[in-house]
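Comments concern the structure below.
The sequence lines fix the lettering, A, B, ..., with proteins before strands; numbering per chain opens at 1. Computed from heavy atoms alone, side chains included, the values below leave out hydrogens, waters and symmetry copies.
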There are 2 protein chains.
Amino acid sequence: MELERGKGLTLWRQIQKNLEQDILDGTFPPGEKLPPERLLAERFAVNRHTLRQALNNLVRKELVRAEQGRGYFVREDMVRYALAHRVRFRENLSRQHREAAEELLDWELVQAERRTAEHLMVHPGTPLVRMRTVGKADGLSLCVSSHYFSQQRFPDINLIYGNTGSITATFRHFGITDYTRMQTLITARMPNAAEARLLQQSRSKPVLELESVNVDGAGTPIEYGRCIWAADRVQFIVDT
Amino acid sequence: MELERGKGLTLWRQIQKNLEQDILDGTFPPGEKLPPERLLAERFAVNRHTLRQALNNLVRKELVRAEQGRGYFVREDMVRYALAHRVRFRENLSRQHREAAEELLDWELVQAERRTAEHLMVHPGTPLVRMRTVGKADGLSLCVSSHYFSQQRFPDINLIYGNTGSITATFRHFGITDYTRMQTLITARMPNAAEARLLQQSRSKPVLELESVNVDGAGTPIEYGRCIWAADRVQFIVDT
DNA sequence: GATAATTTGTTCGTATGTATC
DNA sequence: TGATACATACGAACAAATTAT
């Protein structure tokens, strides 16, 4: 790594170009940690500030991201997740050539609380199946969700989902060939310990919480879901 | 309401927890007036000052607000902000009986960067007006935004906006009677120091970042905006 | 759970070269 | 030529977040 001093291009620009090249040609693949500042500064034989100037520019250009106490990481593009009339986890991911996976964490029989009942348009106390799942993209946890279904309409839904590993396929099993999303509520907050663990992310990074209701062809609510998304791994797209 | 005296937790902390629980479980629903200090003090069998300590902490935590001469009120839910085909800041807030205000922080003449240019469908380098604004609800900062407009199409737009204090009114001045939102991108992250200051919120609370493009009746992009929202003060609604 | 080590973030200070008026 | 402003580069120290011990 020899830099030309005093020949037109500044040192930090040469370093930036050098690192950009390494990122683009895959020497540092997406998600990879760069060597620490100290090492890079040594390698380029410059002061740490000079090196930081180059890195800061790469951060500004969104090629890398900096994490205090951890290091610099090559940015992997966020998953772009479309919130349209039809929302399908697998479709959304396969459009971006990512491998989608849904896993059943656990399930439970519960009674509908006021809020959940309102969304599903049932009486409070109605028996519901709550399934907790985790959604992954290319093996990386993307979201943890709680799905609520009427037990009467979808008996043993947990078994079906456990076999298929897909909400869409599960609904198909119950004769629902198409379903659409009625409404989505979006908020952001900090995760609790369990959420951070399930998402394999730091507790100091925010999560996005989406509440949604899916309805069948007749407009009857069939699923109420609360999904917690790792905020730095996803970007939602609303087309209106 | 029996408090434990001399057993670790101070009285006012016990009272605070007690009231928090009542608020969270809906005993005191959003917007409700709490019983007056005197009554609460009697009920907990403590001095009014002890009770005030608890209430002051709830005010600090933004669970209740105090109004001199009127009483304490449970803070209402977050602002619910609809992301529909037509998005109007004032309309969205007035629907919830909140007082909307937009303020111009500063403005600058800039050259379109690649990303901005793409969204506005202009060539990179095109002269743009960037206005930074802050949106408030009931006097509380809700979002800080950067709006980008073509300088050619909207000369002196900063003056118009400065006078009207409304994006909608500003567009009307330029003959645009209706505009709609094409796309909104949503992410969440932690705020930087400047954003936290402008939003008057803690740096340890997340923000929601919305990128959006508004188009005129002919479908031509007229505004590209990046808005940073205080995540704990707003909930977005997507109807699909 | 507490402590130390590692790593990035921030703020001083100093010096030099370059462009502008 | 001088004065000024700005970008570049190096050095030292400390703060803050994370990870390892």
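In this model, a side-chain donor or acceptor of A:H49 finds a partner on the base of C:dT11 within 3.5 Å.
For B:Y224 and B:F149, the ring centers sit 6.0 Å or farther from each other.
D:dC6 is paired with C:dG17 under the criterion used here, namely a Watson-Crick or G-U wobble arrangement in which both key atom distances are under 3.5 Å.
With rounding to whole Å, A:R38 atom CZ is found 12 Å from C:dA5 atom C1'. Residue A:F73 contributes atom CZ, which lies 8 Å from atom P of D:dT19 at whole-angstrom precision. Here the P atom of nucleotide C:dT8 and the CG atom of A:L55 are 8 Å apart, to the nearest Å. Protein atom CG of A:L51 is 14 Å distant from nucleotide atom C1' of C:dG9, rounded to whole Å. Between the CG atom of A:L9 and the C1' atom of C:dG17 there is a distance of 16 Å, given to the nearest Å. Counting to the nearest Å, the P atom of C:dT6 and the OH atom of A:Y72 are 18 Å from each other. B:R203 places its CZ atom 12 Å from the C1' atom of C:dT10, with the value rounded to the nearest Å. Atom-to-atom, CD of A:Q16 to P of D:dA9 comes out at 12 Å; the value is rounded to the nearest Å.
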Requested in this report: Given side-chain contact (heavy atoms from CB on, under 4.5 Å), test A:F236 with A:L208 step by step and report yes or no.
Outcome: CA-CA 10 Å; A:F236 291 103; A:L208 281 150; 3.7 Å; yes
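Checking D:dA12, C:dT8, D:dT18 against every side-chain atom of A:R48, the shortest atom distance belongs to C:dT8. Of the candidate nucleotides D:dT8, C:dG9, D:dA9, D:dT8 has the atom lying nearest to any side-chain atom of A:Q53. Closest contact between the side chain of A:T50 and the listed nucleotides D:dT8, D:dA9, C:dT7 involves D:dA9.
Here CZ of B:R181 is found 9.0 Å from CZ of B:R88. Values are rounded to the nearest 0.5 Å. From A:E76, atom CD reaches atom CG of A:L140 across 6.5 Å, with rounding to the nearest 0.5 Å.
OP1 or OP2 of D:dA9 has not a single side-chain nitrogen or oxygen of A:N47 nearer than 4.0 Å. The phosphate of D:dT19 (OP1 or OP2) has a side-chain N or O of A:R70 nearer than 4.0 angstrom. When the side-chain nitrogen and oxygen atoms of A:T10 are compared with OP1 and OP2 of D:dA7, none of them lie within a distance under 4.0 Å. Considering only side-chain N and O atoms, A:S204 lies under 4.0 angstrom from the phosphate OP1 or OP2 of D:dT18.
Contacts of A:Y161 classified as ring-ring contact (aromatic ring centres under 6.0 Å, His included), with partners at least two apart in sequence or in another chain: none.
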